[in-house]
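Just so we're clear, the structure is a prediction, and the values are computed from it rather than from any experiment.
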Number of protein chains: 2
Amino acid sequence: MSDSHKYRYEHPRPALAADCVLFGFDGGELKLLLLERENEPFKNKCALPGGFVYMNETTEECAKRILLEKAGLKNVFIEQLYTYSEIDRDPRERIVSVAYYALVNRHQFELLAGRDTVRAEWYSISEIPKLAFDHNKIVKAALQRLRGKVRYQPVGFELLNEKFTLTQLQQVYEAILAAAIDKRNFRKKILGMGLLKELDEKETNVAHKAARYYRFDKKAYKELTQSGFNFEL
Amino acid sequence: MSDSHKYRYEHPRPALAADCVLFGFDGGELKLLLLERENEPFKNKCALPGGFVYMNETTEECAKRILLEKAGLKNVFIEQLYTYSEIDRDPRERIVSVAYYALVNRHQFELLAGRDTVRAEWYSISEIPKLAFDHNKIVKAALQRLRGKVRYQPVGFELLNEKFTLTQLQQVYEAILAAAIDKRNFRKKILGMGLLKELDEKETNVAHKAARYYRFDKKAYKELTQSGFNFEL
DNA sequence: AATTAATAGTGTAATTTTTACACTATTAAG
DNA sequence: CTTAATAGTGTAAAAATTACACTATTAATT
(Lines give C-alpha, C1' and ligand atoms only; values in the text may rest on other atoms or scores of the structure.)
Protein backbone atom coordinates (compact mmCIF):
# COMPACT_ATOMS: atom_id res chain seq x y z
CA MET A 1 0.00 0.00 0.00
CA SER A 2 1.38 3.35 -0.96
CA ASP A 3 0.19 5.01 2.21
CA SER A 4 2.19 2.79 4.51
CA HIS A 5 4.57 4.32 7.02
CA LYS A 6 2.24 7.20 7.27
CA TYR A 7 2.18 7.57 11.01
CA ARG A 8 5.27 9.22 12.40
CA TYR A 9 6.12 10.15 15.94
CA GLU A 10 8.97 11.98 17.62
CA HIS A 11 9.42 9.12 20.03
CA PRO A 12 8.86 5.42 19.62
CA ARG A 13 5.59 4.08 20.92
CA PRO A 14 4.52 0.65 22.00
CA ALA A 15 1.55 -0.76 20.17
CA LEU A 16 -1.59 -0.84 22.29
CA ALA A 17 -3.94 -3.80 22.34
CA ALA A 18 -6.81 -5.21 24.35
CA ASP A 19 -7.30 -8.85 25.33
CA CYS A 20 -10.46 -10.43 26.68
CA VAL A 21 -10.86 -13.21 29.19
CA LEU A 22 -14.34 -14.39 28.41
CA PHE A 23 -16.06 -16.55 31.00
CA GLY A 24 -19.15 -18.64 30.53
CA PHE A 25 -20.95 -21.17 32.66
CA ASP A 26 -22.05 -24.58 31.48
CA GLY A 27 -22.50 -28.03 32.95
CA GLY A 28 -21.86 -26.72 36.41
CA GLU A 29 -18.47 -25.51 35.32
CA LEU A 30 -16.83 -22.21 34.64
CA LYS A 31 -15.62 -22.02 31.04
CA LEU A 32 -13.24 -19.86 29.14
CA LEU A 33 -13.38 -18.97 25.45
CA LEU A 34 -10.15 -19.46 23.57
CA LEU A 35 -9.27 -18.94 19.93
CA GLU A 36 -6.87 -21.08 18.04
CA ARG A 37 -4.25 -18.90 16.40
CA GLU A 38 -4.04 -19.10 12.63
CA ASN A 39 -0.70 -17.37 12.28
CA GLU A 40 2.73 -17.15 13.76
CA PRO A 41 3.80 -16.56 16.39
CA PHE A 42 2.23 -19.34 18.43
CA LYS A 43 0.46 -20.71 15.36
CA ASN A 44 -2.16 -23.32 16.34
CA LYS A 45 -1.82 -22.45 20.00
CA CYS A 46 -4.81 -21.15 21.89
CA ALA A 47 -4.99 -17.50 22.82
CA LEU A 48 -7.36 -14.95 24.26
CA PRO A 49 -9.37 -12.91 21.79
CA GLY A 50 -7.56 -9.64 21.35
CA GLY A 51 -6.65 -6.90 18.94
CA PHE A 52 -5.18 -3.46 18.52
CA VAL A 53 -6.81 -0.34 19.90
CA TYR A 54 -8.05 2.09 17.30
CA MET A 55 -7.55 5.82 17.62
CA ASN A 56 -11.25 6.50 17.89
CA GLU A 57 -12.09 4.04 20.64
CA THR A 58 -11.25 3.57 24.29
CA THR A 59 -9.63 0.34 25.39
CA GLU A 60 -12.97 -0.82 26.74
CA GLU A 61 -14.66 -0.07 23.45
CA CYS A 62 -11.89 -1.99 21.76
CA ALA A 63 -12.46 -4.99 24.04
CA LYS A 64 -16.18 -4.88 23.25
CA ARG A 65 -15.48 -4.61 19.54
CA ILE A 66 -13.23 -7.64 19.75
CA LEU A 67 -15.96 -9.61 21.46
CA LEU A 68 -18.31 -8.62 18.70
CA GLU A 69 -15.91 -9.31 15.85
CA LYS A 70 -14.41 -12.52 17.15
CA ALA A 71 -17.36 -13.99 19.01
CA GLY A 72 -20.41 -12.16 17.70
CA LEU A 73 -21.27 -10.98 21.21
CA LYS A 74 -23.06 -7.81 22.23
CA ASN A 75 -24.02 -6.44 25.62
CA VAL A 76 -21.63 -8.48 27.65
CA PHE A 77 -20.63 -7.64 31.17
CA ILE A 78 -17.05 -6.43 30.90
CA GLU A 79 -14.55 -4.96 33.31
CA GLN A 80 -10.95 -3.90 33.09
CA LEU A 81 -8.55 -6.35 34.66
CA TYR A 82 -4.94 -5.22 34.36
CA THR A 83 -2.48 -3.79 31.87
CA TYR A 84 0.39 -5.99 30.76
CA SER A 85 3.49 -4.26 29.53
CA GLU A 86 6.40 -6.65 29.79
CA ILE A 87 8.78 -5.69 27.05
CA ASP A 88 9.04 -9.12 25.44
CA ARG A 89 5.51 -10.29 25.93
CA ASP A 90 5.06 -10.39 22.17
CA PRO A 91 8.03 -11.65 20.15
CA ARG A 92 7.20 -9.47 17.14
CA GLU A 93 7.25 -6.05 18.68
CA ARG A 94 6.49 -4.16 21.85
CA ILE A 95 2.78 -4.51 22.59
CA VAL A 96 1.16 -3.25 25.73
CA SER A 97 -2.15 -4.94 26.35
CA VAL A 98 -5.04 -3.83 28.49
CA ALA A 99 -6.78 -6.99 29.61
CA TYR A 100 -10.51 -7.21 30.30
CA TYR A 101 -12.61 -9.97 31.68
CA ALA A 102 -16.14 -10.54 30.52
CA LEU A 103 -19.07 -12.71 31.54
CA VAL A 104 -21.57 -14.13 29.08
CA ASN A 105 -25.03 -15.31 29.97
CA ARG A 106 -26.47 -18.66 28.98
CA HIS A 107 -28.07 -17.32 25.84
CA GLN A 108 -24.79 -15.88 24.64
CA PHE A 109 -22.95 -19.00 25.70
CA GLU A 110 -25.18 -21.25 23.64
CA LEU A 111 -24.95 -19.03 20.60
CA LEU A 112 -21.22 -19.37 20.73
CA ALA A 113 -21.18 -23.06 21.57
CA GLY A 114 -23.48 -23.74 18.61
CA ARG A 115 -21.30 -22.15 15.98
CA ASP A 116 -19.39 -24.34 13.64
CA THR A 117 -16.28 -22.23 13.39
CA VAL A 118 -13.64 -24.46 14.85
CA ARG A 119 -11.40 -21.60 15.83
CA ALA A 120 -13.32 -20.64 18.98
CA GLU A 121 -13.80 -23.13 21.77
CA TRP A 122 -15.00 -23.18 25.36
CA TYR A 123 -12.50 -24.70 27.78
CA SER A 124 -13.16 -25.76 31.35
CA ILE A 125 -11.03 -23.63 33.60
CA SER A 126 -9.67 -26.82 35.07
CA GLU A 127 -8.33 -27.81 31.67
CA ILE A 128 -6.80 -24.73 30.19
CA PRO A 129 -3.97 -25.58 27.80
CA LYS A 130 -0.71 -23.74 27.51
CA LEU A 131 -1.61 -20.47 25.81
CA ALA A 132 0.17 -18.07 23.52
CA PHE A 133 2.05 -15.03 24.86
CA ASP A 134 1.50 -14.29 28.55
CA HIS A 135 -2.12 -15.32 28.32
CA ASN A 136 -1.99 -17.99 31.00
CA LYS A 137 -0.90 -15.31 33.40
CA ILE A 138 -3.77 -13.09 32.33
CA VAL A 139 -6.30 -15.88 32.74
CA LYS A 140 -4.98 -16.62 36.20
CA ALA A 141 -5.35 -12.98 37.18
CA ALA A 142 -8.87 -12.86 35.75
CA LEU A 143 -9.92 -15.88 37.76
CA GLN A 144 -8.50 -14.39 40.89
CA ARG A 145 -10.28 -11.14 40.22
CA LEU A 146 -13.55 -12.90 39.57
CA ARG A 147 -13.19 -14.83 42.80
CA GLY A 148 -12.61 -11.65 44.70
CA LYS A 149 -15.36 -9.79 42.94
CA VAL A 150 -18.00 -12.38 43.52
CA ARG A 151 -17.61 -12.01 47.27
CA TYR A 152 -18.67 -8.42 47.45
CA GLN A 153 -20.57 -7.72 44.25
CA PRO A 154 -23.52 -9.55 42.77
CA VAL A 155 -21.98 -10.72 39.54
CA GLY A 156 -22.97 -14.37 39.37
CA PHE A 157 -26.20 -13.50 37.54
CA GLU A 158 -24.24 -12.38 34.54
CA LEU A 159 -23.44 -16.00 33.76
CA LEU A 160 -27.06 -17.20 33.79
CA ASN A 161 -30.24 -16.51 31.94
CA GLU A 162 -32.33 -13.60 32.99
CA LYS A 163 -34.50 -16.13 34.80
CA PHE A 164 -32.65 -18.59 36.97
CA THR A 165 -33.21 -20.89 39.92
CA LEU A 166 -31.41 -20.54 43.20
CA THR A 167 -29.68 -23.83 42.61
CA GLN A 168 -28.29 -22.55 39.33
CA LEU A 169 -27.05 -19.44 41.04
CA GLN A 170 -25.46 -21.49 43.77
CA GLN A 171 -23.72 -23.62 41.17
CA VAL A 172 -22.28 -20.50 39.60
CA TYR A 173 -20.89 -19.40 42.94
CA GLU A 174 -19.53 -22.84 43.60
CA ALA A 175 -17.86 -22.94 40.21
CA ILE A 176 -16.26 -19.54 40.63
CA LEU A 177 -15.11 -20.13 44.16
CA ALA A 178 -14.26 -23.77 43.52
CA ALA A 179 -15.88 -24.66 46.81
CA ALA A 180 -19.05 -26.32 48.02
CA ILE A 181 -21.63 -24.04 49.59
CA ASP A 182 -24.35 -25.06 52.01
CA LYS A 183 -27.72 -24.78 50.31
CA ARG A 184 -29.70 -23.34 53.17
CA ASN A 185 -27.06 -20.84 54.18
CA PHE A 186 -26.61 -19.72 50.59
CA ARG A 187 -30.32 -19.10 50.17
CA LYS A 188 -30.61 -17.27 53.44
CA LYS A 189 -27.76 -14.98 52.49
CA ILE A 190 -28.61 -14.33 48.89
CA LEU A 191 -32.31 -13.76 49.53
CA GLY A 192 -31.46 -11.59 52.51
CA MET A 193 -29.66 -9.17 50.25
CA GLY A 194 -32.94 -8.24 48.65
CA LEU A 195 -31.54 -8.29 45.13
CA LEU A 196 -33.55 -11.21 43.81
CA LYS A 197 -37.05 -10.83 42.55
CA GLU A 198 -39.14 -13.96 42.96
CA LEU A 199 -41.05 -14.72 39.78
CA ASP A 200 -44.42 -16.44 39.45
CA GLU A 201 -42.83 -19.01 37.24
CA LYS A 202 -41.31 -22.40 37.77
CA GLU A 203 -39.25 -24.84 35.84
CA THR A 204 -41.17 -27.10 33.51
CA ASN A 205 -40.41 -30.55 32.20
CA VAL A 206 -38.12 -31.50 35.00
CA ALA A 207 -38.43 -34.93 36.57
CA HIS A 208 -38.50 -33.56 40.08
CA LYS A 209 -40.06 -30.75 42.04
CA ALA A 210 -39.97 -27.69 39.83
CA ALA A 211 -37.80 -24.89 41.11
CA ARG A 212 -38.97 -21.30 41.24
CA TYR A 213 -37.37 -18.78 38.93
CA TYR A 214 -35.85 -15.56 40.15
CA ARG A 215 -34.35 -12.60 38.41
CA PHE A 216 -31.82 -10.03 39.46
CA ASP A 217 -33.48 -6.83 40.62
CA LYS A 218 -31.39 -4.09 39.02
CA LYS A 219 -33.46 -1.33 40.51
CA ALA A 220 -33.04 -2.59 44.06
CA TYR A 221 -29.34 -3.02 43.36
CA LYS A 222 -28.93 0.55 42.25
CA GLU A 223 -30.79 1.89 45.24
CA LEU A 224 -28.89 -0.22 47.71
CA THR A 225 -25.55 0.57 46.11
CA GLN A 226 -26.23 4.27 46.27
CA SER A 227 -27.18 4.02 49.92
CA GLY A 228 -23.78 2.49 50.60
CA PHE A 229 -24.92 -1.07 51.19
CA ASN A 230 -22.36 -3.85 51.04
CA PHE A 231 -22.92 -7.13 49.26
CA GLU A 232 -20.52 -9.51 50.92
CA LEU A 233 -21.29 -13.13 50.43
CA MET B 1 16.54 17.76 15.48
CA SER B 2 17.35 16.17 12.17
CA ASP B 3 16.32 12.74 13.34
CA SER B 4 12.79 13.74 14.13
CA HIS B 5 9.92 11.83 12.60
CA LYS B 6 12.04 8.80 12.83
CA TYR B 7 9.47 6.43 14.25
CA ARG B 8 6.98 5.26 11.69
CA TYR B 9 4.16 2.81 12.04
CA GLU B 10 1.65 1.25 9.67
CA HIS B 11 -1.17 2.27 11.96
CA PRO B 12 -1.57 5.23 14.26
CA ARG B 13 -0.82 4.61 17.91
CA PRO B 14 -1.88 6.39 21.04
CA ALA B 15 0.94 7.68 23.18
CA LEU B 16 1.39 5.66 26.38
CA ALA B 17 2.03 7.27 29.72
CA ALA B 18 2.02 6.43 33.41
CA ASP B 19 0.61 8.58 36.21
CA CYS B 20 1.21 8.16 39.91
CA VAL B 21 -1.12 8.80 42.80
CA LEU B 22 1.34 9.17 45.62
CA PHE B 23 -0.03 8.90 49.15
CA GLY B 24 1.70 9.93 52.34
CA PHE B 25 0.61 10.18 55.94
CA ASP B 26 1.18 13.19 58.16
CA GLY B 27 -0.55 14.89 61.02
CA GLY B 28 -3.07 12.11 61.28
CA GLU B 29 -4.12 12.75 57.71
CA LEU B 30 -3.74 11.04 54.40
CA LYS B 31 -1.88 13.26 51.94
CA LEU B 32 -1.43 13.33 48.21
CA LEU B 33 1.54 14.65 46.28
CA LEU B 34 0.67 17.01 43.46
CA LEU B 35 2.87 18.90 41.03
CA GLU B 36 2.07 22.31 39.72
CA ARG B 37 2.19 22.28 35.93
CA GLU B 38 4.68 24.64 34.33
CA ASN B 39 3.30 24.42 30.82
CA GLU B 40 0.12 24.39 28.86
CA PRO B 41 -2.29 22.74 28.87
CA PHE B 42 -3.54 23.31 32.40
CA LYS B 43 -0.60 25.60 33.14
CA ASN B 44 -0.38 26.36 36.89
CA LYS B 45 -2.95 23.70 37.69
CA CYS B 46 -2.01 20.79 39.90
CA ALA B 47 -1.52 17.38 38.35
CA LEU B 48 -0.32 13.91 39.22
CA PRO B 49 3.31 13.14 38.49
CA GLY B 50 3.38 11.36 35.16
CA GLY B 51 5.31 10.81 31.97
CA PHE B 52 5.64 8.78 28.82
CA VAL B 53 6.57 5.13 28.82
CA TYR B 54 9.92 4.35 27.24
CA MET B 55 10.41 1.40 24.94
CA ASN B 56 12.79 -0.32 27.32
CA GLU B 57 10.66 -0.18 30.45
CA THR B 58 7.38 -1.63 31.63
CA THR B 59 4.65 0.74 32.73
CA GLU B 60 5.49 -0.07 36.34
CA GLU B 61 9.15 0.73 35.76
CA CYS B 62 8.02 3.95 34.14
CA ALA B 63 5.94 4.84 37.18
CA LYS B 64 8.89 4.15 39.44
CA ARG B 65 11.18 6.24 37.25
CA ILE B 66 8.73 9.11 37.41
CA LEU B 67 8.69 8.92 41.19
CA LEU B 68 12.46 9.03 41.16
CA GLU B 69 12.77 11.85 38.64
CA LYS B 70 9.97 14.03 39.92
CA ALA B 71 10.09 13.30 43.62
CA GLY B 72 13.50 11.77 44.26
CA LEU B 73 11.89 8.63 45.66
CA LYS B 74 13.20 5.09 45.58
CA ASN B 75 11.80 1.84 46.93
CA VAL B 76 8.22 2.95 47.21
CA PHE B 77 5.32 0.59 47.47
CA ILE B 78 3.56 0.82 44.13
CA GLU B 79 0.64 -0.97 42.52
CA GLN B 80 -1.21 -0.66 39.28
CA LEU B 81 -4.56 1.06 39.59
CA TYR B 82 -6.33 1.36 36.25
CA THR B 83 -5.72 2.34 32.65
CA TYR B 84 -7.41 5.47 31.37
CA SER B 85 -8.00 5.71 27.67
CA GLU B 86 -10.74 8.25 27.04
CA ILE B 87 -10.01 9.71 23.66
CA ASP B 88 -9.99 13.35 24.72
CA ARG B 89 -8.43 13.00 28.11
CA ASP B 90 -5.48 15.04 26.91
CA PRO B 91 -6.28 18.00 24.65
CA ARG B 92 -2.99 17.75 22.76
CA GLU B 93 -3.15 14.24 21.44
CA ARG B 94 -4.39 10.78 22.26
CA ILE B 95 -2.64 9.59 25.40
CA VAL B 96 -3.50 6.39 27.18
CA SER B 97 -2.32 6.43 30.75
CA VAL B 98 -1.69 3.53 33.09
CA ALA B 99 -2.27 4.88 36.57
CA TYR B 100 -0.44 3.61 39.65
CA TYR B 101 -0.85 4.39 43.27
CA ALA B 102 2.09 4.49 45.63
CA LEU B 103 2.60 4.77 49.37
CA VAL B 104 5.57 6.55 50.92
CA ASN B 105 6.80 5.99 54.44
CA ARG B 106 7.47 8.75 56.94
CA HIS B 107 11.13 9.04 56.01
CA GLN B 108 10.28 9.50 52.37
CA PHE B 109 7.46 11.85 53.23
CA GLU B 110 9.71 14.13 55.24
CA LEU B 111 12.37 14.19 52.56
CA LEU B 112 9.80 15.44 50.13
CA ALA B 113 8.13 17.84 52.53
CA GLY B 114 11.52 19.39 53.34
CA ARG B 115 12.47 20.25 49.79
CA ASP B 116 12.32 23.84 48.66
CA THR B 117 11.10 23.18 45.15
CA VAL B 118 7.73 24.83 45.11
CA ARG B 119 6.41 22.65 42.32
CA ALA B 120 5.64 19.61 44.47
CA GLU B 121 3.26 19.85 47.38
CA TRP B 122 1.42 17.54 49.76
CA TYR B 123 -2.32 18.06 49.85
CA SER B 124 -4.74 16.69 52.40
CA ILE B 125 -7.11 14.38 50.62
CA SER B 126 -9.93 16.43 52.06
CA GLU B 127 -8.62 19.51 50.25
CA ILE B 128 -7.69 18.36 46.80
CA PRO B 129 -8.03 21.16 44.26
CA LYS B 130 -9.36 20.81 40.77
CA LEU B 131 -6.68 18.97 38.86
CA ALA B 132 -5.48 18.88 35.27
CA PHE B 133 -6.79 16.30 32.79
CA ASP B 134 -8.88 13.50 34.31
CA HIS B 135 -6.67 13.41 37.37
CA ASN B 136 -9.44 14.02 39.91
CA LYS B 137 -11.10 10.89 38.63
CA ILE B 138 -7.86 8.95 38.98
CA VAL B 139 -7.34 10.17 42.53
CA LYS B 140 -10.85 9.18 43.46
CA ALA B 141 -10.30 5.70 42.09
CA ALA B 142 -6.99 5.41 43.93
CA LEU B 143 -8.60 6.33 47.22
CA GLN B 144 -11.34 3.82 46.65
CA ARG B 145 -8.80 1.15 45.83
CA LEU B 146 -6.72 1.97 48.88
CA ARG B 147 -9.80 1.76 51.07
CA GLY B 148 -10.64 -1.63 49.65
CA LYS B 149 -7.08 -2.86 49.83
CA VAL B 150 -6.54 -1.93 53.43
CA ARG B 151 -9.35 -4.22 54.48
CA TYR B 152 -7.77 -7.40 53.30
CA GLN B 153 -4.08 -6.69 52.92
CA PRO B 154 -1.66 -5.27 55.44
CA VAL B 155 -0.67 -2.13 53.67
CA GLY B 156 -0.94 0.53 56.37
CA PHE B 157 2.67 -0.04 57.40
CA GLU B 158 3.88 1.36 54.13
CA LEU B 159 2.90 4.84 55.26
CA LEU B 160 4.84 4.73 58.53
CA ASN B 161 8.41 4.34 59.65
CA GLU B 162 9.82 0.87 59.93
CA LYS B 163 9.20 1.18 63.65
CA PHE B 164 5.76 2.40 64.62
CA THR B 165 3.37 2.35 67.54
CA LEU B 166 -0.03 0.73 67.42
CA THR B 167 -1.65 4.12 67.82
CA GLN B 168 0.17 5.39 64.74
CA LEU B 169 -0.96 2.36 62.80
CA GLN B 170 -4.51 2.86 63.96
CA GLN B 171 -4.37 6.48 62.85
CA VAL B 172 -3.30 5.36 59.39
CA TYR B 173 -6.25 3.03 59.18
CA GLU B 174 -8.58 5.70 60.44
CA ALA B 175 -7.25 8.17 57.89
CA ILE B 176 -7.61 5.76 55.01
CA LEU B 177 -11.04 4.54 55.98
CA ALA B 178 -12.16 7.98 57.17
CA ALA B 179 -13.71 6.33 60.19
CA ALA B 180 -13.02 6.04 63.88
CA ILE B 181 -11.83 2.64 65.08
CA ASP B 182 -12.10 1.29 68.60
CA LYS B 183 -8.64 1.06 70.14
CA ARG B 184 -9.03 -2.25 71.93
CA ASN B 185 -10.72 -3.99 69.04
CA PHE B 186 -8.13 -2.69 66.61
CA ARG B 187 -5.27 -4.00 68.73
CA LYS B 188 -6.90 -7.35 69.25
CA LYS B 189 -7.41 -7.78 65.54
CA ILE B 190 -4.11 -6.49 64.28
CA LEU B 191 -2.03 -8.35 66.86
CA GLY B 192 -4.08 -11.46 66.26
CA MET B 193 -2.94 -11.55 62.65
CA GLY B 194 0.57 -12.30 63.82
CA LEU B 195 2.16 -9.88 61.42
CA LEU B 196 3.57 -7.44 63.92
CA LYS B 197 6.83 -8.00 65.69
CA GLU B 198 6.97 -6.41 69.11
CA LEU B 199 10.25 -4.57 69.60
CA ASP B 200 12.15 -4.03 72.84
CA GLU B 201 11.97 -0.34 72.24
CA LYS B 202 9.64 2.42 73.28
CA GLU B 203 9.02 5.99 72.40
CA THR B 204 11.27 8.52 74.09
CA ASN B 205 10.70 12.15 74.92
CA VAL B 206 6.98 11.94 75.01
CA ALA B 207 5.07 13.61 77.83
CA HIS B 208 3.01 10.54 78.51
CA LYS B 209 3.41 6.82 78.87
CA ALA B 210 5.82 5.74 76.17
CA ALA B 211 4.32 3.45 73.56
CA ARG B 212 5.98 0.29 72.42
CA TYR B 213 7.35 0.08 68.91
CA TYR B 214 6.41 -2.66 66.50
CA ARG B 215 7.54 -3.54 63.05
CA PHE B 216 5.91 -5.41 60.22
CA ASP B 217 7.03 -9.02 60.08
CA LYS B 218 7.61 -9.64 56.38
CA LYS B 219 8.67 -13.22 56.92
CA ALA B 220 5.52 -14.12 58.81
CA TYR B 221 3.51 -12.35 56.13
CA LYS B 222 5.06 -14.37 53.36
CA GLU B 223 4.51 -17.63 55.17
CA LEU B 224 0.93 -16.85 56.04
CA THR B 225 0.16 -15.59 52.54
CA GLN B 226 1.51 -18.75 51.01
CA SER B 227 -0.54 -20.87 53.36
CA GLY B 228 -3.64 -19.09 52.09
CA PHE B 229 -4.32 -17.01 55.17
CA ASN B 230 -6.66 -14.05 54.84
CA PHE B 231 -5.97 -10.66 56.38
CA GLU B 232 -9.33 -9.06 56.67
CA LEU B 233 -9.55 -6.19 59.08
C1' DA C 1 -52.82 -45.79 40.39
C1' DA C 2 -48.78 -46.54 42.90
C1' DT C 3 -43.92 -46.33 43.07
C1' DT C 4 -39.49 -44.39 42.12
C1' DA C 5 -35.90 -41.06 41.34
C1' DA C 6 -34.55 -36.61 41.56
C1' DT C 7 -34.21 -32.09 43.22
C1' DA C 8 -36.75 -28.05 45.76
C1' DG C 9 -37.45 -25.95 49.76
C1' DT C 10 -37.24 -25.00 54.67
C1' DG C 11 -35.48 -23.74 60.44
C1' DT C 12 -32.79 -24.05 64.46
C1' DA C 13 -29.07 -24.50 67.66
C1' DA C 14 -24.03 -24.08 68.35
C1' DT C 15 -20.08 -21.51 67.31
C1' DT C 16 -17.51 -17.68 66.00
C1' DT C 17 -16.88 -12.97 65.18
C1' DT C 18 -17.80 -8.39 66.04
C1' DT C 19 -18.95 -4.73 68.77
C1' DA C 20 -19.34 -1.69 72.75
C1' DC C 21 -17.37 0.01 76.57
C1' DA C 22 -13.85 2.31 81.17
C1' DC C 23 -10.27 2.21 84.00
C1' DT C 24 -5.15 1.88 85.56
C1' DA C 25 -0.18 2.72 84.13
C1' DT C 26 3.51 5.50 82.74
C1' DT C 27 5.95 9.46 81.15
C1' DA C 28 7.63 14.46 81.12
C1' DA C 29 6.53 18.98 82.34
C1' DG C 30 5.28 22.32 85.52
C1' DC D 1 4.03 16.04 93.92
C1' DT D 2 0.60 17.31 90.79
C1' DT D 3 -1.00 17.57 86.14
C1' DA D 4 -1.74 16.40 81.43
C1' DA D 5 -1.47 13.22 78.08
C1' DT D 6 -1.58 8.85 75.95
C1' DA D 7 -0.55 3.56 76.57
C1' DG D 8 -2.37 -0.52 77.52
C1' DT D 9 -5.74 -3.96 78.88
C1' DG D 10 -10.68 -7.67 79.24
C1' DT D 11 -15.36 -8.85 79.19
C1' DA D 12 -20.12 -9.28 78.05
C1' DA D 13 -23.77 -8.60 74.54
C1' DA D 14 -25.01 -8.83 69.88
C1' DA D 15 -24.58 -10.34 65.33
C1' DA D 16 -23.04 -13.35 61.86
C1' DT D 17 -21.76 -17.73 60.41
C1' DT D 18 -21.88 -22.46 60.37
C1' DA D 19 -23.57 -27.21 60.57
C1' DC D 20 -27.07 -30.08 59.81
C1' DA D 21 -31.92 -33.47 57.90
C1' DC D 22 -36.27 -33.95 56.54
C1' DT D 23 -40.75 -33.11 53.73
C1' DA D 24 -42.66 -31.55 49.14
C1' DT D 25 -43.24 -31.84 44.39
C1' DT D 26 -42.53 -33.27 39.75
C1' DA D 27 -42.26 -36.64 35.73
C1' DA D 28 -41.17 -41.18 34.55
C1' DT D 29 -41.84 -45.94 35.31
C1' DT D 30 -44.36 -49.88 36.61
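In this structure, B:Tyr214 and B:Ala207 both approach DNA chain D, and ranking their closest nucleotides by distance from the 5' end singles out B:Ala207. Residue order along DNA chain D, read from the 5' end via each residue's closest nucleotide, puts A:Lys183 first among A:Lys209 and A:Lys183. When each of B:Glu232 and A:Ala211 is assigned the nucleotide of DNA chain C bearing its nearest heavy atom, the one mapping closer to the 5' terminus is A:Ala211.
Among the heavy atoms of the strands lying under 4.0 Å from A:Lys188 is at least one base atom, whether or not backbone atoms are also near. Within the 4.0 angstrom heavy-atom criterion, only backbone atoms of the sugar-phosphate kind lie near B:Thr167; the bases stay farther away.
Across the protein-nucleic acid pair, B:Leu169 atom CG and D:dA7 atom P stand 13 Å apart, rounded to whole Å. Between the P atom of D:dA7 and the CG atom of B:Leu199 lies a distance of 16 Å, rounded to the nearest Å. Residue A:Arg151 contributes atom CZ, which lies 13 Å from atom C1' of D:dT17 at whole-angstrom precision. Atoms CZ (A:Phe164) and P (C:dA8) sit 14 Å apart, rounded to a whole Å. Atom-to-atom, CG of A:Leu191 to P of C:dT10 comes out at 8 Å; the value is rounded to the nearest Å. Regarding A:Asn205, its CG atom lies at a distance of 17 Å from the P atom of C:dA6, rounded to whole Å. The CG atom of A:Asn185 sits 13 Å away from the C1' atom of C:dA14 (whole-angstrom rounding). Between B:Lys202 atom NZ and C:dA25 atom C1' the separation is 10 Å, expressed in whole Å.
Distances from the side chain of A:Arg212 to the nucleotides C:dT27, C:dT18, C:dG9 place C:dG9 closest. In this structure, the nucleotide among D:dT9, C:dT10, C:dA29 sitting nearest to the side chain of B:Arg184 is D:dT9.
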Scan the side chains in residues 193-200 of chain A for donor-acceptor partners under 3.5 Å anywhere in the protein, sequence neighbours excluded, and list what turns up.
none

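Using modelled atom types, one finds no donor on one side chain facing an acceptor on the other under 3.5 Å when comparing A:Glu232 with A:Tyr152.
A salt bridge is absent between A:Arg65 and A:Glu61: the closest approach of a Lys/Arg side-chain nitrogen to an acidic carboxylate oxygen does not fall below 4.0 angstrom. With respect to B:Glu110 and B:Arg106, a salt bridge is recorded, a charged nitrogen being found less than 4.0 Å from a carboxylate O.
B:Arg187 has a side-chain polar atom (N or O) that falls below the 4.0 Å cut-off from OP1 or OP2 of D:dG8.
Between B:Phe25 and B:Phe23, the distance from one ring center to the other does not fall under 6.0 angstrom.
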